[in-house]
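Notes follow the structure.
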Amino acid sequence: QVHLKESGGGSVQAVGALRHSCAFDGFIAGSMIYAWFRHNPGKERERIATITVPGGTTYADSVNDRFVITRDNPKKIVKLQMNSLKPDDTSMYYCATRRYDEVEYPDWGQGTQVTVSS
């Protein structure tokens with residue numbers, strides 16, 4: 001079983017920056033995908049970024065060119081650098097992981113709040 005613990009987030013003014021991190025406790029296979037999600041109550045959960053163990057990345061259009069996902073495989077840490085933050089970025093942010101052959105993400109972090117004021 002993989003356990004995830006998030007840290008970072010916080011409150012900033014636009015157009016500030018924040019760094020978010022997720023530490024993984026457990027066996028990490030090379031076939032796993034790591035992701036950052038955000039979810040506001042009453043809205044659909046949004047997958048904003050993914051990264052594979054080899055380092056391939058994807059980004060949602062809403063954060064493309066502003067957010068950067070990175071990983072440190074030996075330390076089992078995934079980070080999300082959030083730049084040029086907007087009030088619309090205010091949300092709970094979650095890290096998650098799944099294997100390539102899984103449809104859903106079974107393992108999630110506890111979530112951290114990001115608040116961006118105008």
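Quick note: residue numbers are just sequence positions, from 1.
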Can you tell me how far apart [atom1] ([X]) and [atom2] ([Y]) are? Round to the nearest 0.5 Å.
{"X": "Ser21", "Y": "Lys75", "atom1": "OG", "atom2": "NZ", "value": "11.5 Å"}
{"X": "Asp89", "Y": "Ser62", "atom1": "CG", "atom2": "OG", "value": "7.5 Å"}
{"X": "Tyr34", "Y": "Thr97", "atom1": "OH", "atom2": "OG1", "value": "5.0 Å"}
{"X": "Lys43", "Y": "Arg38", "atom1": "NZ", "atom2": "CZ", "value": "8.0 Å"}
{"X": "Tyr94", "Y": "His39", "atom1": "OH", "atom2": "NE2", "value": "7.5 Å"}
{"X": "Thr70", "Y": "Asp72", "atom1": "OG1", "atom2": "CG", "value": "8.5 Å"}

Taking atom NZ of Lys76 as the centre, does the number of heavy atoms from other residues, nucleotides or ligands within less than 6.0 Å exceed 12?
->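 Yes, the 6.0 Å shell around NZ holds more than 12 heavy atoms from other groups.
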
Going by heavy atoms in the side chains, are [X] and [Y] under 4.5 Å from each other?
{"X": "Cys22", "Y": "Lys5", "value": "no"}
{"X": "Asp107", "Y": "Phe24", "value": "no"}
{"X": "Leu80", "Y": "Met82", "value": "yes"}
{"X": "Thr57", "Y": "Thr50", "value": "no"}
{"X": "Tyr105", "Y": "Arg47", "value": "yes"}
{"X": "Glu104", "Y": "Arg98", "value": "no"}
{"X": "Thr90", "Y": "Val114", "value": "no"}

Heavy-atom closest pair, residues [X] and [Y]:
{"X": "Gly55", "Y": "Arg71", "value": "CA-NE, 3.5 Å"}
{"X": "Pro87", "Y": "Ser117", "value": "CG-C, 4.3 Å"}
{"X": "Glu6", "Y": "Cys95", "value": "OE2-N, 2.9 Å"}
{"X": "Ser84", "Y": "Arg66", "value": "O-NH1, 3.0 Å"}
{"X": "Gln81", "Y": "Ala17", "value": "NE2-CB, 3.9 Å"}

I'd like to know if [Y] and [X] are part of one continuous hydrophobic network [Ile/Leu/Val/Met/Phe/Trp/Tyr, side-chain heavy atoms within less than 4.5 Å].
{"X": "Val12", "Y": "Val63", "result": "yes"}
{"X": "Met32", "Y": "Leu4", "result": "yes"}
{"X": "Ile69", "Y": "Tyr100", "result": "no"}
{"X": "Met92", "Y": "Trp36", "result": "no"}
{"X": "Val53", "Y": "Ile77", "result": "no"}

If the plane angle is over 60° it's perpendicular, under 30° parallel, otherwise tilted; pick one for Phe67 and Tyr93.
->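 Tilted: the ring planes of Phe67 and Tyr93 meet at 30° to 60°.
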
Can we say Asp101 and Arg99 salt-bridge, meaning some charged N sits less than 4.0 Å from an Asp/Glu carboxylate O?
->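 Arg99 and Asp101: salt-bridged.
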
Co-members of Val103 in a cluster of I, L, V, M, F, W and Y side chains, linked at under 4.5 Å =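 Its cluster mates, by chain and number: none.
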
